[in-house]
Each structure stands twice: as structure tokens, then as C-alpha cells.
Amino acid sequence: MSMNEQSGDAAKSSNEKTCFIKTYGCQMNVYDSQRMEEALAAAGYRPVASAENADMVILNTCHIREKAAEKVYSELGRLKPLKQQNKDMVIGVAGCVAQAEGAEIIARAPVVDMVFGPQTFQQLPAMLDEIDDGRARGDKPKLVRTEFPAAEKFDALQAIARKPVTRSPSAFVTVQEGCDKFCTFCVVPYTRGEEVSRARADIIAEARALVAEGVSEITLLGQNVNAWEHDGTRLDGLLAQLGEIEGLERLRFTTSHPRDMDAALIAAHGDNKKLMPYLHLPVQSGSDTVLKAMNRKHSASDYIELVKKFRAARPDLALSSDFIVGFPGETEVDFAATMALVEEVNYAQAFSFKYSPRPGTPAADAATQIDEAVKAARLARLQELLNAQQIAFNQAQKGRVLPVLFDKPSKSGDQMSGRSPYLQPVHVPFDSLGNHDAAALRGRILPVEITGAHANSLSGILAL
Ligand code: SAH
Ligand code: SF4
Ligand code: F3S
């Protein structure tokens with residue numbers, strides 16, 4: 001329901017506007033899109049499921065690989081005929097492509113009315129007013145807002161009430177923005193700016209507001225979330241405080257950098273009962289030569305030692321990582337070292353990518369670029385190994401009883417879905433629920449006996 005409907009103002013509700021936000025990229029963009037949706041809801045915009053009938057369309061973009069960035073322009077091509085039909089439509093490009101390319105986007109795609117970066121979306125309602133005013137005068141205003149530090153964004157975030165538009169028992173909370181690491185392949189330090197930590201009290205207040213709305217699992221987000229620090233408290237301390245919130249049952253955080261791990265955060269994986277046994281800890285490569293060229297500032301053995309410490313603190317910890325194959329100069333020997341690291345660590349899940357040269361990053365200029373066919377062949381080999389590990393990890397859950405946080409019916413409509421502590425999707429058929437009402441399961445954590453294991457999910461029956 002929009003604000004206008006709530007106020008019962010008939011004239012205004014006939015003016016009700018709609019918005020559609022399409023999100024690309026990482027969870028930080030997912031969080032930003034939710035906050036944009038909340039800010040727009042407060043300004044009278046109701047979210048709709050497609051661009052077709054929307055007055056405002058926002059593409060919240062990702063610049064991490066070439067393919068991700070190019071998707072934006074093909075989507076803008078599809079929006080063009082829609083805007084020709086609805087001259088009032090406002091099209092915005094947000095996120096990391098917006099930050100990286102700024103006004104160039106409007107030059108390449110004149111259908112775009114506003115371009116704003118990840119640190120400026122709190123100005124959305126004001127920007128919309130500016131466009132409305134301009135159009136009322138017969139102009140076609142084009143706005144580009146790609147400045148402002150993250151600290152200002154965090155202040156503005158506090159002012160937007162957390163009223164999640166879609167109710168899920170699981171929510172993201174961004175606690176840290178930006179990156180100072182400058183891995184030689186990566187655009188993030190340029191698109192998200194320097195590392196900034198959000199104030200502890202603000203994070204706790206947002207978590208409390210979410211729990212009051214029915215949220216029971218929170219994932220703390222940051223490009224380097226384990227670099228979070230405020231008034232001498234580090235991430236382990238923040239997680240301990242969040243763990244005290246009644247009704248908040250599960251805590252997670254992502255993404256961590258191996259360099260920012262400390263003993264207290266490792267210990268928290270054994271001590272903090274609400275912290276889930278799943279860690280996304282990207283390593284990128286198993287070759288020290290490549291890691292050095294990537295400016296990762298850790299070796300393969302540093303990483304393996306870290307993994308051992310985590311497993312000593314929490315023996316059932318499930319590990320996940322990101323990998324890049326075909327980084328400039330990567331030899332067969334380097335790639336074999338990555339395969340060996342994967343064998344040694346044994347992952348529950350992982351993401352792997354072909355290196356994609358990004359404008360403005362040092363590695364893009366290296367003369368030793370790897371042939372696309374070689375990249376593809378290495379990626380296939382790596383993914384085969386990672387998939388086998390993931391399937392083995394899922395298989396190992398068979399016969400166990402796992403606590404599952406239930407969310408909603410699965411797409412097929414005949415089973416309830418939730419997540420295991422290890423982040424695996426778990427499906428429970430309706431017809432096995434007995435006298436339990438499917439809808440009433442939402443948001444509850446209940447024991448499930450795992451009876452089936454698949455490549456990307458588990459299935460089971462309630463074990464009550
Ligand atoms: N902050 C996170 C990663 C953010 S980007 C970290 O440091 O781990 C997510 C993943 O995209 C990276 O971990 C990396 O594996 C991949 N990636 C980043 N830049 C890339 C590029 N130029 N080509 C291919 N993959 C890339
Ligand atoms: Fe990119 Fe490296 Fe920063 Fe991660 S740590 S966001 S990969 S520069
Ligand atoms: Fe992409 Fe920006 Fe996230 S480049 S991965 S959306 S920080």
C-alpha cells in the first residue's frame with residue numbers, strides 16, 4: 001500500500017506512481033535496491049514486477065566483468081520502445097557502471113534520464129522532483145550524480161525507515177562500503193570508493209528494526225566486511241552484540257578478505273552460537289606468482305593456514321570462495337596450483353570466473369593476456385572439480401537432521417523452501433507436512449531430516 005492510499009487522499013491516489021528496479025551484481029547492490037525501493041515507497045512509488053507499466057525504471061548495475069557491464073546497454077535498448085509509449089517514464093542507471101561511466105551512459109543511451117552512483121541513491125526523491133519540475137517547464141533534464149562519500153550515504157540510510165517491501169525472514173544489512181585493497185584485476189575500489197565502516201549504533205538500530213518486522217536472519221555486507229571497525233570494536237564484537245538481540249536467530253557476513261582476518265573473528269566461529277558455520281573467503285588463485293601479480297598480499301599457504309584455524313574453531317565450517325582463471329601470465333603450472341589448493345581445502349560451494357580485463361585496472365594493460373580458449377578450458381576443469389566437491393558436500397548431509405529457516409514456497413509451488421546452516425536451499429514437500437500449515441512455517445527454524453541431495457539443493461521432511 002502506498003503512502004497516498006494510507007492517507008486516503010483520493011486525488012493523490014489516482015496519481016499513484018509505480019517503480020521497477022532491476023538489480024545486477026553483488027549483494028551490496030541487492031541491499032541498495034531494497035533501500036531505493038523503501039525510499040521510493042515513502043515518496044509514493046509502488047513497486048511493480050516489470051518495466052512495462054512502471055513510471056520509474058532503475059537499473060542497478062555491476063561493472064565487475066565486461067559481460068555484466070554490457071548487459072546494461074542491451075537492457076536499455078529494450079526499454080527504449082517502452083519509453084516511446086510512455087513519455088512520462090523516468091529511466092535511471094544506478095550502481096557501479098553508473099559510477100564508472102557517468103555521463104557517458106547518457107551519451108551512449110539517450111533514453112536515460114538520470115545516472116547516480118552507489119553513494120548517491122538517497123537523493124532519489126529529490127532527483128525525481130527535479131526531473132518533474134524540468135519536464136513541467138518543457139525541458140528534458142538529464143541528471144548525473146556520481147560524487148559524495150559513503151559516510152554521507154550511511155547517514156542518509158538511517159533516515160529511511162526499514163519497512164521491507166518484500167517480507168523475508170532473511171535480510172541484508174550493509175555495514176561497510178568500499179575497498180582499499182586494489183587487487184590489480186578489480187574495479188571495486190574505483191566504483192565504491194575507499195573503505196568506510198558504518199557506525200555500530202546505526203547497524204544495531206537497523207537490525208532491531210528488521211527483527212521487529214519479522215526478520216530472524218541477518219547477513220552483514222561489505223566488500224571487505226571483516227575490515228569493519230568502529231570505536232575500537234571489530235566484526236567479532238559487532239556480531240556478539242547482534243547476537244544479543246532477541247528474535248535474531250542467525251548471523252552471517254560476506255565478503256571477507258584473507259588479509260583482514262583476526263584471531264577474535266576466527267574464535268567467534270566457535271563461540272558465537274548465532275553465527276552460522278559458513279564462510280565465503282575468496283582466494284582467487286592457488287599460485288603465489290599469480291597472487292602476487294594480483295596484489296592479494298597473501299600466499300596460498302597463508303590462506304590454507306587460515307582455513308585450518310577456522311576449522312579448528314568450527315569443525316563443520318562450510319567454505320566458499322571466488323576464483324579467477326586466466327589472469328595475465330597464468331601458466332599451466334599456476335593453474336595446477338589452483339587445482340591443488342581446491343583439492344586441499346575442499347569447498348562446499350564456489351564461484352569461478354574467466355579473467356575479464358577492466359578499463360582502468362593495472363592487469364588490463366599487461367602484455368601477457370591469456371587466450372580466451374585457454375581461459376574457457378581452465379574454467380571448465382576448475383568448475384568440474386568444484387561441482388564434484390559441492391555435490392559431495394550436499395550428499396554428506398543425507399540422513400542428518402538440520403535446522404532449516406523456512407522462507408517461502410518454492411517455484412514449483414508444491415514444497416516449502418528454506419536454508420540450512422550451510423546456506424544450502426532445502427525443500428520440504430507440502431504433502432509431507434502432515435497437519436503443519438505451510439504458510440505458518442515461514443520465518444521458523446525447524447529440524448528437517450535430509451532425505452535427498454542434489455547439485456544445488458537438499459530435500460527432506462520435517463523431523464518434529
Ligand atoms: N571483495 C570481494 C570480491 C568482490 S568482486 C573480495 O575481495 O573477495 C567478486 C568476485 O568477482 C571476485 O572475488 C573475483 O573473483 C571476481 N572478479 C573481480 N574482478 C574480476 C575480473 N576483472 N575478471 C573476472 N573476475 C573478477
Ligand atoms: Fe576487488 Fe580485491 Fe577489493 Fe575484493 S579486495 S573488492 S577483489 S580490490
Ligand atoms: Fe558489481 Fe559493484 Fe558489486 S561492480 S560486484 S555491483 S560492488
Side-chain angles (χ1 to χ4, degrees), residues 22-33 59-72 93-101 117-119 121 146 150 153 172 174 176-196 221-228 253-261 279-286 290-291 293-298 303 306 319-328 330 338 347 350-366 369-370 372 375-376 378-379 382-383 386:
K22 186 160 180 170
T23 310
Y24 305 82
C26 64
Q27 288 112 325
M28 304 194 67
N29 264 13
V30 173
Y31 175 83
D32 287 351
S33 290
L59 305 182
N60 195 11
T61 62
C62 173
H63 203 239
I64 202 84
R65 284 169 290 274
E66 191 181 357
K67 261 199 196 136
E70 281 306 314
K71 274 189 200 152
V72 179
V93 176
C96 291
V97 176
Q99 191 65 37
E101 297 187 1
Q119 321 300 3
F121 67 75
T146 48
K153 165 180 175 172
F172 292 139
T174 293
Q176 184 271 342
E177 274 275 350
C179 181
D180 298 336
K181 303 289 187 293
F182 290 93
C183 300
T184 54
F185 52 81
C186 185
V187 292
V188 171
Y190 311 96
T191 63
R192 292 264 169 181
E194 61 185 14
E195 286 179 9
V196 181
L221 299 180
Q223 281 301 349
N224 291 278
V225 71
N226 56 335
W228 182 88
F253 61 90
T254 197
T255 296
S256 297
H257 194 293
R259 270 165 65 195
D260 292 323
M261 279 302 176
L279 179 69
H280 183 61
L281 188 61
V283 66
Q284 314 298 354
S285 167
V290 172
L291 287 169
M294 285 177 164
N295 191 33
R296 290 290 289 181
K297 300 213 167 84
H298 63 77
Y303 180 88
L306 206 47
L319 275 152
S320 158
S321 178
D322 294 341
F323 295 91
I324 295 177
V325 300
F327 184 81
E330 185 187 69
T338 299
Y347 288 96
F351 302 92
S352 45
F353 313 98
K354 286 190 278 185
Y355 169 69
S356 169
R358 305 305 293 131
T361 60
D365 298 329
Q369 301 295 326
I370 304 294
E372 278 305 311
K375 287 185 200 173
R378 287 180 187 164
L379 186 67
L382 176 61
Q383 290 187 339
L386 290 167

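For ligands, and for the atoms within them, numbers begin at 1 and follow the listed sequence. Since we're looking at a predicted model, the values are computed, not measured.
- Within the 4.0 Å heavy-atom cutoff, R296 counts among the residues contacting ligand 2.
- Listed by atom number, the atoms of ligand 2 under 4.0 Å from K181 heavy atoms are 3 (Fe), 5 (S).
- Distance check, rounded to the nearest 0.5 Å: CG of D322 to NE2 of H280 gives 3.5 Å.
- Looking only at side-chain heavy atoms (C-beta outward), L306 and L281 come within less than 4.5 Å of each other.
- Listed by atom number, the atoms of ligand 2 under 4.0 Å from V188 heavy atoms are 6 (S).
- Annotation: the span from M294 atom CE to Q284 atom CD amounts to 5.5 Å, rounded to 0.5 Å.
- By the criterion of a heavy-atom distance under 4.0 Å, neither the backbone nor the side chain of T255 is placed next to ligand 2.
- Summary of contacts: the protein heavy atom closest to atom 3 (Fe) of ligand 2 is C179 SG, 2.2 Å.
- For atom 2 (Fe) of ligand 3, the neighbouring protein N/O/S atoms at less than 2.8 Å, given as residue and atom, are C96 SG.
- Near P189, meaning under 4.0 Å from any of its heavy atoms, are these atoms of ligand 2: 8 (S).
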Would Q223 and K181 satisfy side-chain contact (heavy atoms from CB on, under 4.5 Å), going step by step from the backbone distance to the final call?
CA-CA 10 Å; Q223 281 301 349; K181 303 289 187 293; over 6 Å; no

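- Within the 4.5 Å cutoff, the side chain of S356 has no heavy atoms near those of the K67 side chain.
- With ligand atoms numbered from 1 in the order given, ligand 2 contributes 5 (S) to contacts under 4.0 Å with heavy atoms of H257.
- When side chains are defined from C-beta on, I324 does not count as touching S285, because their heavy atoms never get closer than 4.5 Å.
- Residues K354 and R65 fail the side-chain proximity criterion, which asks for heavy atoms closer than 4.5 Å.
- Atom CZ of R296 and atom SG of C183 lie 4.5 Å apart (nearest 0.5 Å).
- Interface atoms of ligand 3 facing Q223, defined by a heavy-atom separation under 4.0 Å, are 3 (Fe), 7 (S).
- Considering only non-hydrogen protein atoms, atom 2 (Fe) of ligand 2 sits nearest to C183 SG, 2.3 Å.
- E195 CD to Q176 CD: the interatomic distance, rounded to the nearest 0.5 Å, is 5.5 Å.
- For E70, the CD atom counts as densely surrounded, since its 6.0 Å shell holds more than 12 non-hydrogen atoms of other residues, nucleotides or ligands.
- Within 4.0 Å of ligand 1, counting heavy atoms only, the contacting residues are I64, R65, F185, Q223, T255, P282, Q284, R296, D322, I324, F353, K354, Y355, S356, R358.
- Those atoms of ligand 2 with a heavy atom of N224 less than 4.0 angstrom away are 5 (S).
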Is there a ring-ring contact (aromatic ring centres under 6.0 Å, His included) between F327 and F353 once you walk through the steps?
CA-CA 10 Å; F327 184 81; F353 313 98; over 10 Å; no

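- Annotation: atom 1 (Fe) of ligand 2 to nearest protein heavy atom, C186 SG, 2.3 Å.
- Here the CZ-CE distance, from R192 to M28, works out to 5.0 Å after rounding to the nearest 0.5 Å.
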Intermediate values then yes/no, side-chain contact (heavy atoms from CB on, under 4.5 Å), L386 and S352:
CA-CA 9 Å; L386 290 167; S352 45; 4.0 Å; yes

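- With rounding to the nearest 0.5 angstrom, the OG1 atom of T191 is 10.0 Å from the CZ atom of R358.
- When all heavy atoms of N60 and N29 are compared, the pair lying nearest together is ND2-O, 3.1 Å.
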Take M261 and L279, measure what side-chain contact (heavy atoms from CB on, under 4.5 Å) needs, and give me the verdict at the end.
CA-CA 12 Å; M261 279 302 176; L279 179 69; 4.1 Å; yes

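- By the criterion of a heavy-atom distance under 4.0 Å, the backbone of F182, and not its side chain, is placed next to ligand 2.
- The distance from ligand 2 to the heavy atoms of F185 drops below 4.0 Å at these ligand atoms: 7 (S).
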